[in-house]
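Counting from 1, the numbers follow the sequence of the chain as shown. Everything numeric in this text was worked out from a predicted model, so none of it was measured.
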Amino acid sequence: MKKYYILVLALVALSNVTAQKDIENSKDYRFLDRLPEYFIRTYSEVEFDSHEFHYNGKKQNKEGRKFIIEYRQDKWKNKDYEFPTRLQILRNYAYAIEKEGGSILFERYNDEHGFYSFKTSDGKEIWIQVKTAIMGKSHKLIVIDKANMRQDIVIDAELIKNAIALEGKIAIYGIYFDTGKAIIKGRIKTCIDSNSRILAK
């Protein structure tokens, strides 16, 4: 009976070594399954941020909900284990994304990382970077669900009126629009004078 108990403890200890647990409050990105025998080591998700992607021979910033998910292989301490190669990791993600109608935007020549993009059935634009580590023991997904930022700050009309009455103008920072569009895009300084003329610099 004692030997049986020791054997059970040994098996439990072995399973804890070979099957690592995901970090608390983490999850896979909803459109992509993880590779077998990998667990989530670090995880972050923010409502709005940006990330730089390689596309059409240049770098482009994309904005929206941002996910950073780092995976590590269960047996990462095992020196004798045959881990997937960096290219093998990239190809797994590339083929999964292409299967959903996505595109390979750029893959670094030495297989260090790849950039991908695809659209969901409802037209949502997704941008993904996969960064691989040496030996294939870990890799990181950086995902942008492209979206415009929710505008939380509202300019008070009474404040504008009072400022113009006192100083003859008011400076408004951080708001600009594409021509003919009502979507806030970035940052400029706008001056509105008492004659309702808009001056920007």
Side-chain angles (χ1 to χ4, degrees), residues 20 22-74 76 83-152 174-188:
Q20 302 290 321
D22 293 345
I23 190 172
E24 190 176 357
N25 297 321
S26 65
K27 59 185 177 182
D28 294 308
Y29 182 63
R30 63 189 182 281
F31 294 117
L32 293 172
D33 292 330
R34 72 180 73 184
L35 288 168
E37 299 183 325
Y38 280 80
F39 67 97
I40 299 177
R41 181 173 178 265
T42 62
Y43 179 89
S44 70
E45 177 183 349
V46 293
E47 181 181 351
F48 188 82
D49 205 344
S50 67
H51 188 68
E52 191 173 74
F53 293 86
H54 289 258
Y55 181 48
N56 283 341
K58 57 184 180 181
K59 297 177 180 178
Q60 296 186 16
N61 271 320
K62 300 297 176 181
E63 298 179 344
R65 181 172 288 275
K66 186 175 185 179
F67 304 81
I68 302 177
I69 308 170
E70 183 186 359
Y71 291 98
R72 177 170 280 182
Q73 227 284 347
D74 287 336
W76 63 280
F83 298 98
T85 65
R86 301 172 92 171
L87 181 60
Q88 188 176 350
I89 293 170
L90 290 184
R91 285 290 182 267
N92 266 279
Y93 282 102
Y95 292 156
I97 290 167
E98 284 184 318
K99 189 176 179 181
E100 296 300 317
S103 302
I104 299 175
L105 304 177
F106 172 85
E107 285 184 341
R108 192 178 177 94
Y109 69 91
N110 63 359
D111 309 323
E112 179 183 345
H113 56 229
F115 295 88
Y116 313 94
S117 179
F118 67 96
K119 285 188 176 181
T120 62
S121 58
D122 59 356
K124 190 172 185 63
E125 198 171 314
I126 311 295
W127 292 75
I128 300 168
Q129 180 183 8
V130 182
K131 298 177 71 174
T132 61
I134 296 173
M135 301 287 293
K137 293 182 178 182
S138 65
H139 59 278
K140 182 183 293 185
L141 298 186
I142 302 171
V143 182
I144 293 287
D145 279 4
K146 190 178 176 186
N148 297 311
M149 185 186 72
R150 185 187 71 226
Q151 183 65 29
D152 294 315
I175 303 173
Y176 73 86
F177 304 86
D178 278 347
T179 304
K181 295 183 179 179
I183 299 172
I184 296 173
K185 299 294 288 185
R187 180 179 297 170
I188 63 167

What closest approach, in Å, do [X] and [Y] show between heavy atoms, and which atom pair accounts for it?
X	Y	result
Gly136	Tyr38	O-OH, 2.6 Å
Glu63	Ser50	CG-CB, 3.8 Å
Ile89	Pro84	CG1-CB, 4.2 Å
Gly64	Ile144	N-CG2, 3.8 Å

Got a sec: does the CZ of Phe83 have more than 12 other heavy atoms crowding it under 6.0 Å? yes
Qualifying residue, where the test is side chain to side chain contact (heavy atoms under 4.5 Å, CB included) with Gln129 and the options are Phe106, Phe53, Tyr116: Phe53
Donor-acceptor pairs under 3.5 angstrom involving side-chain atoms of residues 92-104: please list them, not counting sequence neighbours.
{"unit_1": "Asn92", "atom_1": "ND2", "unit_2": "Gln88", "atom_2": "O", "d": "2.8"}
{"unit_1": "Tyr93", "atom_1": "OH", "unit_2": "His139", "atom_2": "NE2", "d": "3.0"}

May I ask you to check whether Gln60 and Glu52 show a side-chain donor-acceptor distance below 3.5 Å? no
So, Thr132 and Arg86: side-chain donor and acceptor under 3.5 Å apart, yes or no? yes
Mark yes or no for whether [X], through its side chain, and [Y], through its backbone, hold a donor-acceptor pair below 3.5 Å.
X	Y	value
Ser138	Ala133	no
Asp22	Phe39	no
Asp74	Gln20	yes

So CD1 of Ile40 and CD of Glu24: to nearest 0.5 Å the spacing works out to 12.5 Å
Starting at CE of Met135, measure out to OG1 of Thr85 and round the result to the nearest 0.5 Å. 11.0 Å
Below 4.0 angstrom, N of the basic side chain to O of the carboxylate: do Arg150 and Glu47 qualify? yes
Below 4.0 angstrom, N of the basic side chain to O of the carboxylate: do Glu70 and Lys140 qualify? no
Could you walk me through whether Tyr55 and Trp127 pass side chain to side chain contact (heavy atoms under 4.5 Å, CB included), step by step? CA-CA 11 Å; Tyr55 181 48; Trp127 292 75; 3.9 Å; yes
Test Glu45 against Lys66 for salt bridge (Lys or Arg N to Asp or Glu O under 4.0 Å), laying out the working first. CA-CA 6 Å; Glu45 177 183 349; Lys66 186 175 185 179; over 6 Å; no
Only distances under 3.5 Å count here; give the side-chain donor-acceptor pairs of residues 25-33 to other protein atoms, sequence neighbours excluded, each with its distance to 0.1 Å.
{"unit_1": "Ser26", "atom_1": "OG", "unit_2": "Ile23", "atom_2": "O", "d": "2.6"}
{"unit_1": "Asp28", "atom_1": "OD1", "unit_2": "Arg34", "atom_2": "NE", "d": "3.0"}
{"unit_1": "Asp28", "atom_1": "OD1", "unit_2": "Arg34", "atom_2": "NH2", "d": "3.2"}
{"unit_1": "Asp28", "atom_1": "OD1", "unit_2": "Tyr71", "atom_2": "OH", "d": "2.5"}
{"unit_1": "Asp28", "atom_1": "OD2", "unit_2": "Arg34", "atom_2": "NE", "d": "3.2"}
{"unit_1": "Asp28", "atom_1": "OD2", "unit_2": "Arg34", "atom_2": "NH2", "d": "3.2"}
{"unit_1": "Tyr29", "atom_1": "OH", "unit_2": "Asp145", "atom_2": "OD1", "d": "2.4"}
{"unit_1": "Arg30", "atom_1": "NH1", "unit_2": "Asp145", "atom_2": "OD2", "d": "3.1"}
{"unit_1": "Arg30", "atom_1": "NH2", "unit_2": "Asp145", "atom_2": "OD2", "d": "2.7"}

Taking C-beta and beyond as the side chain, do Ile126 and Val143 meet within less than 4.5 Å on heavy atoms? yes
Scan for salt bridge (charged side-chain N to carboxylate O under 4.0 Å, His left out) pairs involving residues 121-139, sequence neighbours excluded, and state none if there are none. Glu125-Lys146
